[in-house]
S.K.: 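One structure, as structure tokens, below. Some questions next.
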Amino acid sequence: MTTAHPVTRHDITFPSGDSTCAGWLYLPTGVTSPPVVILGHGLGATREMRLDAFAERFAQAGIAAVAFTYRHFGDSGGHPRQLLSIKRQLADWDAAIDYVKARPDIDRSRIAVWGSSFGGGHAITVASRHPELRAAVSQCPFTDGLASALALGPVASLRMTPVLARDMAARVRGTAPAMVPIASAPGSPALMNAPDALPGYQALQPPGTTFRNEVAARVIPTIATYRPGRAAKKVAMPILFCVSNTDSVTPPAQTLRYARTAPRGEIKRYDAGHFDFYTGETFEALVRDQIEFLTRQLRPAPASTP
């Protein structure tokens, strides 16, 4: 019977831009030069919010894993706090790739990226820019800002106009940002207000979490124009799309259209909501499918067979 690799977790930091990202490195014990997968999360989320669950399972399968928190969030560096910058987050991904390439205990020729929700969109963008990667996983991905804005609803979007104006003024003055909630109840102004958004985020927070349910409002126009799904056609390596059939945050129809343009794309669909992907039976189904895909692409050393 095949057993899982024992796993050790290490606290890490790596430089990015003018600051640092904090993360965890999961290493399968006793494996020399394993492949690695880099994991990044969604809107304002930190690695404590179930990235550790995926990373640990990947490491048990013989694949080292780096789960990191973007600058300006959680215990990573960066000021002002709660600044969601697409450009900076993509630079954090580049920095994470540089970090694992520099580690002597990891096989730099077998690197994959894994992103969920907003990070799932980043994973597409990053994979399109890094042809040296061996694989990518894009889970319930944000692929089209316009489609997500339409899902939010025009009334809720308009309600964020005053706080956006205040934050743009704060940016000019160099004062503290004006914040908008990441998730709130239906009809309330927030980046996400689907019925499952607020309880979904709350369910992912462990005791003592560093997560704060707010970001600087200045991100709103850039989210609306960010369309990472368009880069899927430029992803040269195998990429697995894990799509929710009932996704209330990242509409699946548009995601599937983009996913089908990836030259070596694979699509798995699940009858579970956007926030169901991280826990319970849906998590188990996802992590099994992702381990199967990553094992095919990265070829980790098998665990011992008693």
Side-chain angles (χ1 to χ4, degrees), residues 13-23 40-49 68-96 115 117-119 121-122 125-126 129 142 144-194 197-198 201-202 204-205 208-228 249-250:
T13 59
F14 54 85
S16 183
D18 57 0
S19 190
T20 58
C21 292
H41 219 320
L43 277 174
T46 59
R47 67 186 183 282
E48 298 93 343
M49 297 165 71
F68 74 96
T69 299
Y70 299 110
R71 281 178 292 167
H72 305 280
F73 294 93
D75 57 351
S76 290
H79 293 280
R81 304 307 295 167
Q82 302 303 113
L83 175 67
L84 202 168
S85 162
I86 293 169
K87 182 178 179 180
R88 287 176 180 235
Q89 290 193 350
L90 291 172
D92 293 343
W93 279 98
D94 292 340
S117 194
F118 204 62
H122 289 337
T125 302
V126 171
R129 296 178 177 180
F142 173 101
D144 192 292
L146 181 58
S148 291
L150 292 173
L152 179 66
V155 174
S157 298
L158 286 171
R159 287 179 181 173
M160 291 191 287
T161 302
V163 67
L164 173 60
R166 290 198 302 275
D167 191 42
M168 298 304 278
R171 183 178 184 179
V172 171
R173 293 194 302 266
T175 55
M179 299 290 178
V180 62
I182 297 170
S184 67
S188 302
L191 297 184
M192 294 182 289
N193 64 5
L198 184 57
Y201 260 75
Q202 291 170 338
L204 300 182
Q205 298 174 41
T209 181
T210 56
F211 174 72
R212 287 167 51 187
N213 185 23
E214 60 181 8
V215 294
R218 67 194 66 169
V219 74
I220 293 170
T222 62
I223 288 179
T225 56
Y226 185 40
R227 307 178 85 175
V249 176
T250 57

S.K.: Distance from E48 atom CD to T210 atom OG1, nearest 0.5 Å?
M.R.: 4.0 Å
S.K.: For P228 versus F142, what's the shortest heavy-atom pair and its separation?
M.R.: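 Smallest interatomic distance, heavy atoms only, reads CG-O, 3.2 Å.
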S.K.: Mind checking what makes side-chain hydrogen bond (donor to acceptor under 3.5 Å, both in side chains) contact with D92, not counting sequence neighbours?
M.R.: S16, R71
S.K.: In the structure I gave you, are the side-chain heavy atoms of L198 and N213 within less than 4.5 Å of one another anywhere?
M.R.: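 Contact flag for L198/N213 side chains = yes.
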S.K.: Under 4.5 Å between any side-chain heavy atoms of F118 and Q89, yes or no?
M.R.: yes
S.K.: Give the minimum heavy-atom separation between V215 and V219, together with the two atoms involved.
M.R.: CG2-CG1, 4.1 Å
S.K.: CG/L191 to CD1/I223 distance, rounded to the nearest 0.5 angstrom?
M.R.: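 Atom-to-atom, L191:CG and I223:CD1 are 5.0 Å apart.
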S.K.: Check whether D144 reaches the backbone of R227 with its side chain - one donor and one acceptor, N or O, closer than 3.5 Å.
M.R.: no
S.K.: Assign the ring pair Y201 / F211 to parallel, tilted or perpendicular, where the plane angle (0 to 90°) is split at 30° and 60°.
M.R.: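 Aromatic pair Y201/F211 classed tilted.
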S.K.: With distance as the sole test, does T46 use its side chain to make a donor-acceptor pair with the main-chain N or O of T69 at under 3.5 Å?
M.R.: no
S.K.: Do V249 and L43 make a side-chain contact, defined as non-hydrogen atoms from C-beta onward lying under 4.5 Å apart?
M.R.: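 No, side chains not in contact.
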S.K.: With salt bridge (Lys or Arg N to Asp or Glu O under 4.0 Å) as the rule and sequence neighbours excluded, what pairs involving residues 166-192 come up?
M.R.: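 Checked against salt bridge (Lys or Arg N to Asp or Glu O under 4.0 Å) - neighbours excluded - the pairs reaching residues 166-192 are D167-R218.
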S.K.: Stepwise, does the side chain to side chain contact (heavy atoms under 4.5 Å, CB included) test hold for I182 with M192?
M.R.: CA-CA 6 Å; I182 297 170; M192 294 182 289; 3.8 Å; yes
S.K.: Parallel, tilted or perpendicular, judged at 30° and 60°: which one describes the rings of H122 and Y226?
M.R.: tilted
S.K.: For the pair R47 and D75, evaluate side chain to side chain contact (heavy atoms under 4.5 Å, CB included) and give the outcome as yes or no after the intermediate values.
M.R.: CA-CA 10 Å; R47 67 186 183 282; D75 57 351; 2.8 Å; yes
S.K.: Taking all non-hydrogen atoms of both residues into account, name the closest pair between M49 and H41 and its distance.
M.R.: O-NE2, 2.7 Å
S.K.: With a cut-off of 3.5 Å and sequence neighbours excluded, list every side-chain donor-acceptor pair involving residues 80-87.
M.R.:
residue : atom : partner : partner atom : Å
R81     : NH1  : S76     : O            : 3.0
R81     : NH1  : G77     : O            : 3.2
R81     : NH1  : G78     : O            : 2.7
R81     : NH2  : F73     : O            : 3.3
R81     : NH2  : G74     : O            : 2.9
R81     : NH2  : S76     : O            : 3.1
Q82     : NE2  : R212    : O            : 3.4
Q82     : NE2  : E214    : O            : 2.6
S85     : OG   : R88     : N            : 3.1

S.K.: What are the two closest heavy atoms between A170 and A176, and how far apart are they?
M.R.: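 Smallest heavy-atom distance, with atoms named: CB-O, 3.4 Å.
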S.K.: If you look at every heavy atom in L164 and P221, which pair is closest and at what distance?
M.R.: CD1-CD, 3.9 Å
